[in-house]
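All remarks here apply to the structure that follows.
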Amino acid sequence: MKKRKTYFPQGRAWIELDTQALCQNVTALGALLPEGVTLMPVLKADAYGHGAVLIAKMLNSMGIRAFCVACITEGIELRKHGIKGEILILGYTHPRQFSLLRRYRLTQTVLDHAYALELNRYGRKLAVHVAIDTGMHRLGERAEHRELIRQIFAMKNLEIQGAYTHLCADDTADPEAVSFTGKQAKTFSAVMNHLKRQGYCDVKTHLLASYGVLNYPQLAGDYARVGIALYGVRSSLADLDASAPCLRPVLSLKARITSVKTLFPGESAGYGLCFTAERQIRIATCAIGYADGLPRSLSCGAGSVLINGCRATIIGRICMDQTTVDVTDIPHVSAGGTAIIIGRWRKEEITVYELADKAGTITNEILSRLGERLERVVKD
Ligand SMILES: *Cc1c(COP(=O)(O)O)cnc(C)c1O
């Protein structure tokens, strides 16, 4: 694509995507799984904030041809940008949008028996995967409702290509969780065997998300729906163990330093006067705020950014579009420089785990809330 001369995505605040890291994660996760299992990357929530179209294009060019999204608009967005392969919608689509499923060649999840009736009533063939509820009790027809499930498979307008379930306690070695996961897997395979006996044989299956792949690779069916791990992180640092494969974060988050000034003793910075200088300090304003997804709970000393390889503490309250940091002890800070919010500068690193931990949440939430206003730049 020809870019205009004025195109400069690093002007204000931006995300950098590391192609090599993504490629390495694809390989590492694929290597954990038995032969023949297809990775089905999950691109919901703008690919966990990374930028769904860019990530999908990168994956398409690595040969990946199956994806999951949360909703129909996400699927349409990918198709409009020429993304090839199967796109499975994991969530609800309103009946008034069913025609779009066909127009954009999207595969819909059958959420339960009642929803199957709605899909079937549309009157034309729709490609679907059937969700089976084996214990999470969010989506899926209950596994024990064998007859209702059989009825779904017999509906004449449903072109059933797959069936899946979702594990809800696959992220810990806690014995109760391990036993629950085993039960979920067993329940799912019993349902699939029952269907096979009814003559429904060429149905692809899947049950593993990221933690499933990391902790129970042997349970994989035909696909593995990898989200967070593909982006090179886990939900929290506590989940890292030494035997785990090497996953590299795909995303860095950076912002321009827009202004540097001296603050004299007794002066305050930011809304609500919540930070007051006790001595003379230097402060820098960065062009990123909570509207970009930087959690406001990192205000007033809780969080920091990296400038010239040094940590600069966030002072005052994070604003919607701007954040002020203390750069007193950092040499050579000037407007036009770069602040790293998530990422590495030589040996120093601020990880998304650190942000998530300080904000009292998981990495998935930090990443998926990164704002649309951020530019996204692919690094080879
Ligand atoms: C979000 C989601 C995934 C991906 O989960 P990760 O833990 O990020 O890998 C897989 N399957 C379903 C049904 C999901 O909703």
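It should be emphasised that the depicted structure is a prediction, and the values quoted were computed from it without experimental measurement. Both counts, for ligands and for their atoms, begin at 1 and track the order of listing.
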Is the closest heavy atom of R138 to ligand 1 under 4.0 Å? yes
Give me the one residue out of L253, L306, N308, V305 that meets side-chain contact (heavy atoms from CB on, under 4.5 Å) with I340. L306
Run the side-chain donor-acceptor check on residues 254-261: report pairs under 3.5 Å with partners two or more places apart or on a different chain.
from : atom 1 : to   : atom 2 : distance (Å)
K254 : NZ     : E16  : OE1    : 3.0
R256 : NE     : Q10  : O      : 2.9
R256 : NH1    : G336 : O      : 2.9
R256 : NH1    : T338 : OG1    : 3.1
R256 : NH2    : Q10  : O      : 3.1
T258 : OG1    : T285 : O      : 3.1

What atoms in ligand 1 come closer than 4.0 Å to a heavy atom of G227? 6 (P), 8 (O), 9 (O)
Identify the protein heavy atom lying closest to atom 13 (C) of ligand 1, giving its residue, its atom name and the separation to 0.1 Å. H166 ND1, 3.7 Å
Ignoring hydrogens and angles, state whether a donor on the side chain of R282 or T328 is under 3.5 Å from an acceptor on the partner side chain. no
Could you list the residues that satisfy salt bridge (Lys or Arg N to Asp or Glu O under 4.0 Å) with R373, not counting sequence neighbours? D292, D321
Any N or O of A229 closer than 3.5 Å to N or O of ligand 1: no
Within the 4.0 Å heavy-atom shell around K44, which atoms of ligand 1 are there? 1 (C), 2 (C), 3 (C), 14 (C), 15 (O)
Taking CZ in R369 as the centre, count heavy atoms belonging to other residues, nucleotides or ligands within less than 6.0 Å. Is the count above 12? no
Step through it carefully: locate the ring centre of Y92, locate the ring centre of Y115, and say whether they are under 6.0 Å apart. yes
Short list, please: which atoms of ligand 1 are under 4.0 Å from a heavy atom of Y48? 1 (C), 4 (C), 5 (O), 6 (P), 8 (O)
Within 4.0 Å of some non-hydrogen atom of R225, the atoms of ligand 1 are 4 (C), 9 (O), 10 (C), 11 (N), 12 (C), 13 (C)
Is there a donor in the side chain of H113 and an acceptor in the side chain of R142, or the other way round, less than 3.5 Å apart? no
Which ligand 1 atoms are under 4.0 Å away from a heavy-atom of V42? 3 (C), 4 (C)
Atom 9 (O) of ligand 1: closest protein heavy atom, distance to 0.1 Å, is S210 OG, 2.5 Å
